[in-house]
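Lettering of chains follows the sequences in order, A, B, ..., and the numbering in each one begins at 1.
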Amino acid sequence: MTISKPIEATNFIENEINKDIEEGRVPSCVQTRHPPEPSGYLHIGHVRNIVLNYGLAEKYNGICNLRYDDTNPSKESQEFVDSIQEDVKWLGYHWKEIHYATEYFQQNYEIAVKLIKEGKAYVDDLSAEEVSAYRGTLTEPGKESPYRNRSVEENLDLFERMKNGEFEMGSRCLRAKIDMASPNINMRDPVIYRIQYLHHQRIGDSWKIYPSYDFSHPLDDCLEGVTHSICGPEFEDHRPLYNWVVENSGLKNKSRQIEYANLYLKGVILGKRFIKKLVNDGKVSGFDDPRLYTIRGLRRRGVLPESLVNFVNAAGISKAVSVIDPAMLDYFIRSTLNDVSKRVMAVVDPIELVINNIGENEEIEISLADYPQREETTHRKYYFGKHLLIERSDFEIVPPPKYRRFFVGNEVRLNGAYIVKCTGYDTDENGNVTTVYADYDPETKSGTNCAKKVKGTVHWVNKKHSKNVEIRLFENLTLPKEESLSGGKEQTAGEDEFNPNSLIIKNGFVEDDIDYNEEERYQFLRNGYFCLDKDSTKDLLVFNRTVGLKDSYKPNNNQ
RNA sequence: UGGGGUGUCGCCAAGCGGUAAGGCAUUAGAUUCUGACUCUAACAUUCGAGGGUUCAAAUCCUUCCACCCCAGCCA
């Protein structure tokens with residue numbers, strides 16, 4: 001039993017930061033920011049960004065602020081701003097301060113005015129379609145807008161009137177005057193302010209003009225004292241623009257943008273838009289559905305935050321697109337859970353086991369260790385008796401080679417109780433096994449250090465001392481197409497593309513005094529971790545998944 | 001197609017001119033009152049491909065190939 005330890009990571013971003021510090025470009029305490037747009041729930045793909053930003057600040061004794069990139073009210077809501085804070089806290093990270101891009105609107109505006117005065121920005125009257133048409137294509141340069149060379153006075157006046165709400169939404173915008181012929185499309189006079197008459201969740205209707213990401217983000221970074229602005233790969237071509245804004249802002253603090261690759265899990269749905277669609281279509285119960293890889297979905301599945309952090313650190317970081325095998329995540333989930341899980345007995349798919357040589361009402365008290373994986377553990381009482389339940393898969397009429405569990409003539413240990421010898425079985429008219437019979441050996445009680453050793457140990461539950469529960473086995477909710485995992489693009493998926501086996505409901509049994517406890521994690525069988533859920537329709541829900549679904553017994557390989 | 005980026009074991013990923021770290025997965029074995037956990041061992045003569053420079057290259061030069069991102073008044 002090892003205690004999972006935090007994984008130290010060094011990566012190319014740290015190398016860059018170290019260089020900046022050594023060469024005196026930034027103070028040794030760096031400042032980062034975690035800049036989510038409050039337009040969705042956080043998911044596993046965001047954890048890398050969180051670990052990086054908060055982690056880097058921690059590592060360099062700097063600070064990391066949470067800053068909502070809330071410059072597009074049409075997509076954002078308070079629900080998302082609240083959930084993001086909860087999720088970050090749950091992950092174990094702390095921001096120094098909370099800021100909003102909207103807090104900086106006045107300063108953003110003043111800098112825009114300064115740019116206009118310097119002839120570096122102009123109000124364009126072209127429609128959105130025209131702007132697009134004038135922009136050119138990937139291979140052809142763009143055309144300059146006829147409004148590009150308006151006088152500073154006219155621009156100032158127009159921009160002021162935009163701000164005052166005198167124009168229609170979309171009728172005009174403010175553009176940075178850079179280079180319409182640039183091979184980098186982002187530099188072809190990007191729009192930096194647009195007119196927007198939408199109600200904003202934080203600032204209401206106070207502003208009629210909204211800066212674009214490309215304008216506000218670098219400014220807010222500099223204003224806040226950020227030294228390193230870590231972002232996704234999609235902003236790589238925006239870096240020249242980022243730097244242009246920083247250079248022309250007149251701000252003394254100059255932040256530097258560094259991009260890293262996003263993290264995907266093979267076959268796992270992560271797109272914000274996609275997750276929303278699943279929720280809206282009722283495919284899943286909500287943003288916290290355990291099949292989802294949202295932070296809260298994972299959490300509800302019983303995953304612990306350190307698993308996520310360790311996973312992300314172990315996966316490392318580079319600029320190459322990384323599509324990680326979910327088995328790796330599972331490993332980190334298991335390794336954390338293994339340390340903390342209470343071992344209990346439960347049977348997912350039961351068949352009856354009758355002990356021949358014990359009285360109908362006879363009961364033998366046994367003691368079960370709650371945490372056998374630890375040096376010290378508490379114990380609980382349980383009862384061995386005549387009518388027990390075992391897992392259907394723990395009995396075979398014709399045992400495959402090397403099979404260690406129940407088959408007629410074989411001896412097996414009932415976990416925590418006695419060694420038992422299988423004597424026979426009953427089947428129904430269809431040939432399905434209904435009952436298994438066995439004799440127990442009274443000399444082999446658990447804890448007595450009996451000489452007899454047996455290869456297999458089997459979980460069981462006493463029919464009388466167990467309760468019927470609904471057991472929900474969750475598989476990963478995946479898509480067959482790999483391209484569906486991307487976050488940004490329009491994604492289309494038909495209903496039948498979802499894994500239909502993502503939720504399996506079983507009628508199982510658990511020891512009768514195992515009750516809901518938010519903190520507790522459990523393990524039963526050889527491979528399943530679960531937690532109980534308070535929304536249970538019956539006594540409890542069991543969340544399982546690929547966590548530990550590895551079954552070392554593979555008959556086909558053992559022939 | 002113009003620009004930007006990336007290609008090291010099935011999957012991540014170190015490496016930055018001195019002769020291929022590590023993790024996941026896999027395989028074999030030990031241990032085991034969970035076929036779990038733990039343990040031990042195996043697992044790239046080779047770094048997208050071809051040329052070149054060098055005593056020496058995954059690391060430098062060069063050509064080519066593949067994949068990703070960019071033409072929102074989204075972020």
| task | Establish, yes or no, whether a centroid distance under 6.0 Å links the rings of A:Tyr193 and A:Trp207. | result | no
| query | Phosphate oxygens OP1/OP2 of B:A75: is one of them under 4.0 Å from a side-chain N or O of A:Thr71? | reply | yes
| Which class fits the ring pair A:Tyr418 and A:Phe384: parallel under 30°, tilted 30 to 60°, perpendicular over 60°? | tilted
| message | Need the pair for B:C67. Rule: Watson-Crick or G-U wobble, both distances under 3.5 Å, any strand; none if unpaired. | response | B:G5
| For the pair made of CG in A:Asn313 and P in B:C24, what is the distance, rounded to whole Å? | 15 Å
| Partner nucleotide of B:A28 by Watson-Crick or wobble geometry (both distances under 3.5 Å) | B:U40
| Residue closer to the 5' end of RNA chain B, A:Pro211 versus A:Thr137 (nearest nucleotide) | A:Thr137
| request: Quote, to the nearest angstrom, the P distance that separates B:A25 from B:C61. | output: 38 Å
| said: Measuring to OP1 and OP2 of B:G72, would you say a side-chain N or O of A:Ser132 lies under 4.0 angstrom away? | reply: yes
| Is any side-chain nitrogen or oxygen of A:Arg194 closer than 4.0 Å to OP1 or OP2 of B:C74? | yes
| Euclidean distance for C1', B:A44 against B:A20 (whole angstrom) | 7 Å
| message | By nearest atom, which of the nucleotides B:C69, B:A36, B:C73 is closest to the A:Ala128 side chain? | response | B:C73
| Span that lies between the C1' atom of B:U8 and that of B:C70, in whole angstrom | 28 Å
| message | At less than 4.0 Å, is any side-chain N or O atom of A:Arg334 found next to OP1 or OP2 of B:A25? Yes or no. | response | yes
| message | In this structure, is the centre-to-centre distance between the rings of A:Phe105 and A:Tyr210 below 6.0 Å? | response | yes
| task | Can you tell me, in whole Å, how much space there is between the C1' of B:A21 and that of B:C9? | result | 13 Å
| Applying the side-chain hydrogen bond (donor to acceptor under 3.5 Å, both in side chains) test to A:His217, which of A:Gln257, A:Arg33, A:His238 qualifies? | A:Arg33
| task | Please check if the side chain of A:Ser212 supplies one atom and the backbone of A:Val191 the other of a donor-acceptor pair under 3.5 Å. | result | yes
| Can you tell which of B:C24, B:A71, B:U6 lies closest to the side chain of A:Met328? | B:C24
| query | From the list B:G3, B:C74, B:A14, which nucleotide is the closest neighbour of the side chain of A:Lys75? | reply | B:C74
| message | Looking at A:Ser322, I'd like to know whether one of its side-chain N or O atoms comes within less than 4.0 Å of OP1 or OP2 on B:C12. | response | no
| request: Validate the cation-pi geometry between A:Lys143 and A:Tyr134: distance from NZ or CZ to the six-membered ring centre under 6.0 Å, angle to the ring axis within 45°. | output: yes
| request: For nucleotides B:G17 and B:G23, find the distance between their C1' atoms and express it as a whole number of Å. | output: 28 Å
| query | Given atom OH of A:Tyr122 and atom P of B:C73, what is their separation to the nearest angstrom? | reply | 11 Å
| said: For the P atoms, the ones on B:A66 and on B:C74, what distance do you get once it is rounded to whole angstrom? | reply: 35 Å
| query | Is B:G48 syn or is it anti, if syn means the base angle is within 90 degrees of 0? | reply | anti
| message | Both A:Asn72 and A:Lys453 contact RNA chain B. Which one's nearest nucleotide lies toward the 5' end? | response | A:Lys453
| message | Is the phosphate of B:A75 approached by A:Tyr213 (side-chain N or O, under 4.0 Å from OP1 or OP2)? | response | no
| task | Respond yes when some side-chain nitrogen or oxygen of A:Arg135 is under 4.0 Å from OP1 or OP2 of B:C73, and no when none is. | result | yes
